[in-house]
Amino acid sequence: MFEYKLFAKSVLGIALGGVISLSQAHAEQVPGRFMPVIGQASAPVGHIEFCQNYPQQCRYGTNTPLVVRLTKERWQELLDVNASINTQVRPLTDEQLFGVPEYWTYPQGAGDCEEYVLEKQRQLIALGWPPSSLLITVVKDLSNGGHAVLSVRTDQGDLILDNQISSILPWYSTPYRYVKRQSARHASAWSAISDKRVTTVASIPE
C-alpha cells in the first residue's frame, strides 16, 4: 500500500516526534520533494472574501515557517482528517449552494473543493499543526479547470490532501499543474509556484 510505504520511508532513520524548523533554502536542496515557490502571487478572490468574513483566520504570520516531522501519529492524523472530511462533506458547487460562481467558507454539510480544504486546515490546526505547514493551494485539474487542495509541509516534502483523490500523495505524484498557494509566512498572502513538470494537464495561460 502506497500510504504505508510513504510513512515507512518518512520515519526511516529519524527519531519520532516533534515539529522542526526548515528554511526555504534547505528545502530547495531536496529536488522534487518541495514545490518550487518563486515569489508573490495575487490572492484568489474567494480567499480575499474569506479573509473579510473570517479575519481571525487570516492574521497569522511568522518569519520562521515550520514543517512538521512526519511521525506515525502525525501521519495518522492526516489520514483521519482527510478521510473524515471527504466522507462527511457532500460535493456541491458554489452555484448550487450560494448562487454565485465562487464563495469560500467552512462547509455546513456540503461544499466544493475550497470548503473541503478550509475544513481540513481548520481541523489540523486544532490538532496542533502549525498554520505555516498547512497551505491552501490552487491547481489546474485534468480538465484545466481551477481546483483547490491542501498542501501539507513535512520533513518528507509537500503532501497533498484532496477531495478528488482519496490517497494522500506527494505533490509531484498528483495529476495537477500547480499554480499558486498560500504563503507560509502570512495567511493572507500568496506565493506563485513554478511547476514546469511534464504532466497530463496542458499548459495554458493564466
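The structure presented is a predicted model; accordingly, all values stated were derived computationally and were not measured.
When atom types are taken as modelled, the side chain of Ser132 and the backbone of Leu66 share a donor-acceptor pair closer than 3.5 angstrom. With Trp129 contributing its side chain and Arg74 its backbone, the two residues share no donor-acceptor pair below 3.5 Å. In this structure, the side chain of Glu115 does not engage the main chain of Tyr106 through any donor-acceptor pair within 3.5 Å. With hydrogens and angles disregarded, no donor-acceptor distance shorter than 3.5 Å links the side chain of Ser143 to the backbone of Gly145. Under a 3.5 Å cut-off, the side chain of Asp162 and the backbone N or O of Ile168 do not form any donor-acceptor pair.
For the atom pair Arg59 CZ and Tyr54 OH, the distance stands at 14.0 Å (nearest 0.5 Å). In this structure, the separation between CD on Gln108 and CZ on Arg90 is 12.0 Å, given to the nearest 0.5 Å. Taking CG of Leu124 as the start and OG of Ser133 as the end, the distance is 8.0 Å to the nearest 0.5 Å.
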Contacts under 3.5 angstrom, residues 34-52 side chains, donor-acceptor by atom type, not counting sequence neighbours:
unit_1: Ser42; atom_1: OG; unit_2: Lys180; atom_2: NZ; d: 3.4
unit_1: His47; atom_1: ND1; unit_2: Trp190; atom_2: NE1; d: 3.0

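Annotation: side chain of Tyr116 is not in contact with side chain of Gln121 (no heavy-atom distance under 4.5 Å).
Contact check on Asp158 versus Arg181 returns a salt bridge, with a Lys/Arg side-chain nitrogen under 4.0 Å from an Asp/Glu carboxylate oxygen.
Proximity of the aromatic rings of Tyr176 and His147 is defined here by a centroid distance below 6.0 angstrom, and this criterion is met.
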> Run the side chain to side chain contact (heavy atoms under 4.5 Å, CB included) check on Ser151 and Leu159 step by step: do they pass?
Replying inline: CA-CA 6 Å; Ser151 295; Leu159 305 180; over 6 Å; no
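Checked options Val117, Leu118, Asp112, Asn53; the residue passing with Trp104 is Leu118 (criterion: side-chain contact (heavy atoms from CB on, under 4.5 Å)).
Asn86 and Lys120 are linked by a side-chain donor-acceptor pair at a separation below 3.5 angstrom, with hydrogens and angles left out of the test.
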